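Have a look at the structure below, then the notes.
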Amino acid sequence: MTSHLPSTGAPLAETGDLDALMASARQIRDATWGRRITYSRKAFVPLTNMCRDTCGYCTFVKHPSSPEARIMTPEQVLAEALRGEREGCKELLFSLGEKPELRYEAARKGLERLGYSKLTDYLRDMCALVLRETSLLPHVNAGTLTDDEIDVLKPVSASMGMMLETVSRRLTRKGQPHFACPDKTPVQRLRTLERAGEKRVPFTTGLLIGIGETWEERIEALEAINAAHARHGHVQEVIIQNFQRKPDIEMADHPEPGLEDMLRTIAAARIILAPEISLQAPPNLSARHIAYLDAGINDWGGISPVTIDFINPQHDWPEIRSLARSCDEAGFELRERLTVYPRYLTEDSGFINASVRNRALGMAGGEGLAREQRHIGETA
């Protein structure tokens with residue numbers, strides 16, 4: 001399947017003139033986002049690293065029998081939140097495994113000791129704790145969610161997210177990275193994406209490239225995201241993330257996507273997606289991440305001055321002031337944003353709970369970005 005951009009005629013093909021493709025993407029980016037690139041200064045809280053899925057590329061998830069498996073206590077959550085607050089973070093991102101209590105007795109018992117039977121109910125109360133005891137805005141990355149679970153989480157979060165990753169059903173077959181992973185079937189991911197739109201939740205999603213999907217499947221995934229956004233207007237940002245080998249995963253010897261593959265996918269995403277959808281790629285997963293600017297990104301995603309990247313722990317975050325200098329040298333101004341994008345902060349949008357919206361407005365400057373731009377004055 002090959003798609004075309006009507007305004008330029010540039011084919012979104014796996015091969016061909018990469019420079020022309022990137023030029024088309026840059027033109028769209030510059031017209032909508034200008035020469036400003038944003039990031040969110042955040043603390044990452046891995047509420048639990050147990051999960052009922054066992055993806056072949058994941059190092060975050062620990063089996064309940066592992067001494068590293070855990071569910072964070074409220075005291076631990078609050079300690080990390082306060083540490084982030086002291087370092088000028090505006091966002092607290094909750095990352096967690098998907099529904100481990102449905103598969104493992106140890107996860108059920110751990111939740112019971114905390115007074116809960118469902119992980120999403122515990123997550124709701126931890127979001128409420130963060131809102132009550134800190135100035136941060138919770139962002140929830142809880143994977144697939146039912147309508148009821150979204151209803152529970154929306155009042156206590158500014159935004160939510162779930163990586164679509166891929167729409168390839170092939171990758172759920174035996175020997176493939178999503179085999180025996182009930183939450184990674186494309187239909188379940190797409191249902192959550194649709195539900196978030198129906199419930200008017202500012203939503204983050206994206207692709208994980210290099211896990212065995214074809215180029216055509218990448219294009220199909222991008223088109224599915226864009227179609228959901230066209231129906232509901234809820235996709236605030238899309239991440240293009242490159243697979244990284246790690247020594248303790250099934251895919252330890254699987255090849256990583258190269259820089260050209262990333263550039264081509266980023267550019268195709270910018271052309272396919274609605275211009276108002278923010279496009280980001282992680283700066284810590286490639287030493288040559290500044291090249292992504294030429295392919296059309298306008299955002300670096302979350303960067304933490306206090307916590308590691310728990311999904312890719314071997315890759316340190318760039319030092320934010322150093323990243324600002326690199327962006328400046330490339331002709332871009334680095335600006336800090338909030339977890340929720342400015343267009344969702346209007347009073348009549350219906351996308352955010354009123355009290356959470358009021359908190360976000362108090363943190364926002366005139367353009368809806370973070371009023372306090374911490375990286376400008378901080379020491380290296």
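Treat the numbers as computed from the prediction; the structure is a model and nothing was measured.
In this model, no donor atom of one side chain and acceptor atom of the other lie less than 3.5 Å apart for E213 and S168. In the model, D299 has a side-chain atom that pairs as donor or acceptor with a side-chain atom of T38 under 3.5 Å. In summary, the side chains of E85 and S135 do present a donor paired with an acceptor at a separation below 3.5 Å, with no hydrogens or angles considered. In the model, S278 has a side-chain atom that pairs as donor or acceptor with a side-chain atom of N298 under 3.5 Å. A donor-acceptor contact closer than 3.5 angstrom links the side chains of N353 and S355.
Taking the six-membered ring for Trp and the full ring otherwise, Y104 and H63 have centroids separated by under 6.0 Å. Separation of the F243 and H254 ring centroids falls under the 6.0 Å cut-off.
Closest of all the heavy-atom pairs between M262 and I209 is SD-CD1, 3.5 Å. For A274 against N226, the heavy-atom pair with the smallest separation is N-OD1, 2.7 Å. Listed here is the closest heavy atom pair of Q236 and T204: NE2-OG1, 4.1 Å. Minimum interatomic distance between D248 and K62 (heavy atoms only, all atoms of both residues): OD2-NZ, 4.1 Å. Smallest separation of non-hydrogen atoms from R124 and V152: CD-CG1, 3.4 Å. Taking all atoms of both residues into account, the shortest heavy-atom contact from L153 to T120 is CD2-O, 3.8 Å.
The hydrophobic clustering, which links ILVMFWY residues whose side-chain heavy atoms are closer than 4.5 Å, places F44 and L137 apart. A continuous path of Ile, Leu, Val, Met, Phe, Trp and Tyr side chains, each step under 4.5 Å between heavy atoms, connects I290 with L263, placing both in one hydrophobic cluster. Taken together through direct or relayed side-chain contacts under 4.5 Å among Ile, Leu, Val, Met, Phe, Trp and Tyr, I225 and I239 form parts of separate hydrophobic clusters. L93 and M163 fall into different hydrophobic clusters, defined by Ile, Leu, Val, Met, Phe, Trp and Tyr side-chain heavy atoms under 4.5 Å apart, directly or through other members. Both M22 and L207 are members of a single hydrophobic cluster when ILVMFWY side chains are connected at heavy-atom separations under 4.5 Å.
Using a 4.0 Å cut-off between a side-chain N of Lys or Arg and a carboxylate O of Asp or Glu, E149 and K118 qualify as a salt bridge. Looking at K90 and E336, a side-chain N of the basic residue comes within less than 4.0 Å of a carboxylate O on the acidic one, giving a salt bridge. Under a 4.0 Å N-O distance rule, the pair R189/E98 qualifies as a salt bridge. A salt bridge does not link R108 with E112: none of the charged nitrogens is closer than 4.0 Å to a carboxylate oxygen. A salt bridge does not link R52 with E101: none of the charged nitrogens is closer than 4.0 Å to a carboxylate oxygen. Using a cut-off of 4.0 Å between Lys/Arg side-chain N and Asp/Glu carboxylate O, E367 and R36 are scored as salt-bridged. R195 has no carboxylate O lying under 4.0 Å from a charged side-chain N of E198, or vice versa, which leaves the two without a salt bridge. K184 and E165 are joined by a salt bridge, as a carboxylate oxygen and a charged side-chain nitrogen come within less than 4.0 angstrom of each other.
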(request) Go through the steps to decide whether F203 and H139 satisfy the test ring pair (Phe, Tyr, Trp, His ring centres under 6.0 Å), and finish with yes or no. (result) CA-CA 10 Å; F203 207 71; H139 171 88; 8.2 Å; no
(request) Carefully, step by step, assess E237 and Q280 under the rule side chain to side chain donor-acceptor pair (under 3.5 Å). (result) CA-CA 7 Å; E237 55 185 1; Q280 66 176 249; 2.8 Å; yes
(request) Given side chain to side chain donor-acceptor pair (under 3.5 Å), test R218 with T265 step by step and report yes or no. (result) CA-CA 8 Å; R218 289 184 199 173; T265 306; 2.7 Å; yes
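A distance-only check finds a donor-acceptor pair linking the side chain of S326 to the backbone of S322 [under 3.5 Å]. Within the 3.5 Å criterion, the main-chain N or O of V201 finds no donor-acceptor partner in the side chain of H234. Checking side-chain atoms of R29 against main-chain N and O of L279 turns up no donor-acceptor pair under 3.5 Å. Not one N or O on the side chain of R335 forms a donor-acceptor pair closer than 3.5 Å with the backbone of Y39. In this structure, Q176 contributes its side chain and R173 its backbone to no donor-acceptor pair below 3.5 Å. Put simply, the side chain of R371 gets close to the backbone of G362: a donor and an acceptor are under 3.5 Å apart. Of the possible donor and acceptor atoms, one in the side chain of K154 sits under 3.5 Å from a partner among the backbone N and O of R200. Listed for the R170 side chain is a donor-acceptor partner under 3.5 Å among the backbone atoms of G212. Judged by distance alone, the side chain of H289 and the main-chain N or O of S286 form a donor-acceptor pair under 3.5 Å. Judged by distance alone, with hydrogens and angles left aside, the side-chain atoms of T172 form no donor-acceptor pair with the main-chain N or O of H178 at under 3.5 Å.
Between W300 and Y292, the ring planes are tilted. Angles from 30° to 60° get that label. Aromatic ring orientation, Y116 versus Y122: tilted (interplanar angle from 30° to 60°).
Each of L92, T339, L131 was compared with L136 under the side chain to side chain contact (heavy atoms under 4.5 Å, CB included) criterion, and only L92 meets it. Across T185, D183, T192, D53, a single residue satisfies side-chain hydrogen bond (donor to acceptor under 3.5 Å, both in side chains) together with T144, and that is D183.
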